[in-house]
Amino acid sequence: MSAAFETKVHVTRYEQVLVITVRGELDHDDAEALDDAFAAADEAGLPTTAVDLSRVTFADSTLLNTLLDTRRRHATDGRELVLLGPLQPAVTRLLTVTGTIAHFTIAGTGPSPSS
């Protein structure tokens with residue numbers, strides 16, 4: 001298996017949007033990769049950070065805390081954080097059970113690369 005295939009968190013820039021793509025099962029073991037990706041978003045300082053969660057099959061409080069912290073920082077800086085779906089049932093359940101789903105902007109699809 002290649003290292004690229006095993007990567008659960010990937011960061012890509014599309015003009016004025018930084019897209020963080022996350023996939024698979026996420027837990028405490030993935031905290032460093034998540035922190036690095038969201039630090040890249042803070043460093044880039046783009047108007048919008050989009051987090052593609054459409055391929056996340058499990059997530060715990062590690063992802064939730066990262067998203068909430070990022071949302072707070074973005075709001076303070078006047079930037080937008082958007083979650084991209086469609087969200088898998090496990091992610092929807094995490095956000096719903098914790099009462100945080102209303103705190104996020106959720107879009108059905110993400111940006112496409114410029115030609």
Side-chain angles (χ1 to χ4, degrees):
M1 212 180 290
S2 72
F5 182 77
E6 295 171 6
T7 303
K8 292 182 182 182
V9 182
H10 184 75
V11 178
T12 308
R13 180 177 177 160
Y14 298 101
E15 296 181 16
Q16 294 298 307
V17 178
L18 189 83
V19 179
I20 300 172
T21 303
V22 187
R23 66 187 183 110
E25 297 183 1
L26 298 168
D27 58 24
H28 181 70
D29 292 339
D30 303 300
E32 185 176 345
L34 287 170
D35 289 346
D36 290 348
F38 287 98
D42 289 342
E43 185 176 312
L46 297 175
T48 304
T49 299
V51 185
D52 182 350
L53 300 173
S54 65
R55 291 177 276 172
V56 174
T57 56
F58 171 83
D60 64 9
S61 62
T62 302
L63 177 64
L64 179 62
N65 289 331
T66 300
L67 291 173
L68 290 170
D69 288 344
T70 301
R71 181 187 164 278
R72 179 187 45 78
R73 288 192 311 274
H74 274 55
T76 298
D77 294 343
R79 300 183 311 140
E80 184 177 21
L81 177 68
V82 178
L83 306 184
L84 304 177
L87 301 180
Q88 298 299 316
V91 176
T92 301
R93 188 171 34 259
L94 175 68
L95 297 174
T96 302
V97 168
T98 59
T100 58
I101 197 163
H103 296 282
F104 295 101
T105 300
I106 302 172
T109 59
S112 59
S114 301
S115 300

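Remember, it's a predicted structure, so these values are computed and weren't measured experimentally.
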If you take all heavy atoms of [X] and [Y], which pair is closest and at what distance?
X: A41; Y: L18; value: CA-CD2, 3.2 Å
X: K8; Y: E25; value: NZ-O, 2.6 Å
X: T100; Y: F104; value: O-CD1, 3.3 Å
X: A59; Y: L94; value: O-CD2, 3.8 Å
X: Q16; Y: L46; value: O-CB, 3.6 Å

Polar contact flag, side-chain donor to acceptor under 3.5 angstrom, T76-H74: no

Just how far is it from atom OG1 of T62 to atom CG of L34, taken to the nearest 0.5 Å? 7.5 Å

CG/L67 to CG/L81 distance, rounded to the nearest 0.5 angstrom? 6.5 Å

R55 (side chain) donor-acceptor with T57 (main chain) under 3.5 angstrom: no

Any sub-3.5 Å donor-acceptor pair from D30's side-chain atoms to D27's backbone N or O? yes

Heavy atoms, side chains only, cut-off 4.5 Å: are T21 and L53 in contact? no

Do V9 and I20 touch side chain to side chain, with heavy atoms closer than 4.5 Å? yes

Suppose the criterion is salt bridge (charged side-chain N to carboxylate O under 4.0 Å, His left out): which pairs have a residue in residues 60-76, not counting sequence neighbours? D42-R73

Under the rule for side-chain hydrogen bond (donor to acceptor under 3.5 Å, both in side chains), what residues qualify as partners of T105, not counting sequence neighbours? none

